[in-house]
Amino acid sequence: MKKQLSQTIRKMVGLKSTILRFFMVFQGGILFSFGKYLTDLLSGTWDLFTTMVRNKIMTTLEIISSDDRDDLFHPMFEWLSKQSGIQNTNNLQLLTKECAINDYFTKAENSGHEIHSEKKVSRYNNSYLERYTFTLSEGKHQFHYRNKKIHVEYELFLDEVPDESTHYFVPIKDDYQVYKLTLTAYGDQKKLFQEIIKEALELKREMGKKSSNIYLMNKFADAWKRDVSEAKSIKMGFVILKKGLAEHLVNDCRQFLGRRQIYTRLGIPFKRCVLFYGDPGCGKTTTVRALAGELGLPICIMSLSNKELNDDRLLTLMNKAPRPCVVLLEDVDSCFVQREASDKKDHNRVSFSGLLNCLDGVGAQEGRLFFMTTNHIERLSPALIRPGRVDKKVKFQKADKHQAEGIFLKFFEGHPKLAKQFADKVPEDRMSMALIQQHLLNYFDEPEKCLQKIDELIRECEKSEEFQRLEKKKYKLKQKEIEKVKSREKEKLDTLDGETKIIDVEIQNEIESNNVIKKRRITNPKQMIDLK
Ligand SMILES: Nc1ncnc2c1ncn2[C@@H]1O[C@H](COP(=O)(O)OP(=O)(O)OP(=O)(O)O)[C@@H](O)[C@H]1O
């Protein structure tokens, strides 16, 4: 009985202590949570208060680098690096760069930075410049602009970045590096910041003139990324096309760009679409790049066979492209073989209707110059290339005499005689410009050898199946032409009543490689003409 009682008392005491312990922990938890809530509230209120005070007495300008826009970050960074106050700081970053001498793009890139050391080095007969410069480093800096002190904070975001619209932090995608520049000055300095922005914009224009202005799709195919490889923009003089074609294309584009008001007045979408078709390596892509360079427009290049690209992303890209700009859609045949193909809609790919929406959509109507390229025009759906959708079709053929001579002169400027001989040797419309370029590159320093060795290349080409096919085609066309001329002459002879007359027969045989005009003088009309 005693034992039982003592056990019951012990149990009750144990229970009580458990309850007591539980309450103590609970109480502690409540106190901790309350404390945390209170400190959060206080720090939040403090942040709000300091932000309000800062906004009242200071002006702040934030610039965030972003890969999907033609933003002001890089020009602003360049501009800041030029400011003497920034250069005087002890908080600098070393930028090591090697560039080809006379590489104006790289020079422009580094123009503002204090040069720590510069050394000329020679490698494989090329001169390079090894340059060590100081640039803005991460952290806080300050400088004076128009007698006002400006504080600069340069931050790098590795995991998250503040979203522009919501201001919440959002995760950064894999291949993005996001930087932020914050400029702060006391007082209402909006005007001062506007001046700074103006100067940065001017610098951006300068940089834009010298850089490539090429935009490529990013890894996710949902945004444009400026091509930072040191590819420069090329001009029309770089490509050697059939006589008159380059001028025609430039004039056509210039005319279009100058007709915005006419298009608007007539209610026609302000866009132009040109299809370049023909053999590979004949200069379709290069011509589009050169046209963009000549017109001083940015060029956005996209390959429709990219697996990441789909209809939605294509539209997004179109809306995000700079305006006006040149849009190059490469190898359109690879995705849009036939209209029916769109029925089997693959969600990871661009559908036929997706491309049509992209060409006809609102995003396309802002002075966009579309260029589509294909090696197989016959595979394209007629709906894609109908008038109104495609305004112009240009065929790119293999090199003619004029092109062969031009490209030889491009490599060996001081050898016009050799260039003529070279062009005489190259068979018309049999070799692509890319193939001839490869040959010229093989004998870069030896123009005579280059001329001599072209015979070997021609012999090799003659063995190829394509060459044989083209030869057969040429033979058939020639036969047809001869038949036509024969029947025309026969008709004329039948109407001559046996009189002796002089007939000049002119055959401009386009199929003939040298475009020679053949003349036959026939004194006796009754004589049979053999033109073979
Ligand atoms: N007309 C040309 N003038 C100068 N260079 C040319 C010309 N055509 C081709 N090339 C040279 O050949 C290479 C390939 O040219 P490009 O890519 O423009 O050809 P393409 O017709 O677009 O070929 P593909 O159909 O295979 O895409 C480039 O390096 C370019 O320099």
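Heavy-atom basis, side chains included; hydrogens, waters and symmetry copies ignored. All ligand and atom numbering here is 1-based and tracks the order in the structure. Count residues from 1 along the sequence.
Nearest heavy atoms, P75 versus L203: O-CD2, 3.5 Å.
Residues F396 and Y277 keep their aromatic ring centres 6.0 Å or farther apart. Ring pair F270/F256: centre-to-centre distance below 6.0 Å.
Geometrically, ligand 1 and F238 share no nitrogen or oxygen pair separated by less than 3.5 Å. When only interatomic distances are considered, the shortest N/O to N/O separation between M433 and ligand 1 does not fall below 3.5 Å. Taking any N or O of Q437, backbone or side chain, at least one lies under 3.5 Å from an N or O belonging to ligand 1.
When only non-hydrogen protein atoms are considered, atom 27 (O) of ligand 1 lies nearest to T285 OG1, 3.9 Å. For atom 24 (P) of ligand 1, the closest non-hydrogen atom on the protein side is G281 N, 3.8 Å. Regarding atom 14 (C) of ligand 1, its nearest protein heavy-atom neighbour is A434 CB, 4.1 Å. Shortest contact from atom 26 (O) of ligand 1 to any protein heavy atom: P280 CB, 3.5 Å. Among all non-hydrogen protein atoms, the one lying nearest atom 19 (O) of ligand 1 is G283 N, 3.3 Å.
Taking every non-hydrogen atom of N375 and a distance limit under 4.0 Å, the qualifying atoms of ligand 1 come out as 25 (O). Heavy-atom contacts of L241 reach the following atoms of ligand 1: 1 (N) (cutoff under 4.0 Å). Below 4.0 Å from some heavy atom of T286 lie the following atoms of ligand 1, by number and element: 15 (O), 16 (P), 18 (O), 28 (C), 30 (C). If you number the atoms of ligand 1 from 1 as listed, the ones under 4.0 Å from a heavy atom of I240 come out as 1 (N), 2 (C), 3 (N), 4 (C). Those atoms of ligand 1 with a heavy atom of V239 less than 4.0 angstrom away are 3 (N), 4 (C).
Within the 4.0 Å heavy-atom criterion, both parts of K284, backbone and side chain, lie near ligand 1.
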(request) Kindly determine whether K392 and H248 satisfy side-chain hydrogen bond (donor to acceptor under 3.5 Å, both in side chains), including the steps that lead there. (result) CA-CA 12 Å; K392 192 180 259 301; H248 172 77; 2.9 Å; yes
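The residues E456 and K453 are annotated as salt-bridged, a charged nitrogen and a carboxylate oxygen being separated by less than 4.0 angstrom. A salt bridge links D360 with K271; the closest basic N to acidic carboxylate O contact falls under 4.0 Å.
Not counting sequence neighbours, the partners of F422 by the ring pair (Phe, Tyr, Trp, His ring centres under 6.0 Å) test are F408. Remark: E405 pairs with K420 by the salt bridge (charged side-chain N to carboxylate O under 4.0 Å, His left out) rule, at least two apart or across chains.
Put simply, the side chain of E330 does not reach to within 4.5 Å of the side chain of L304, judged on heavy atoms.
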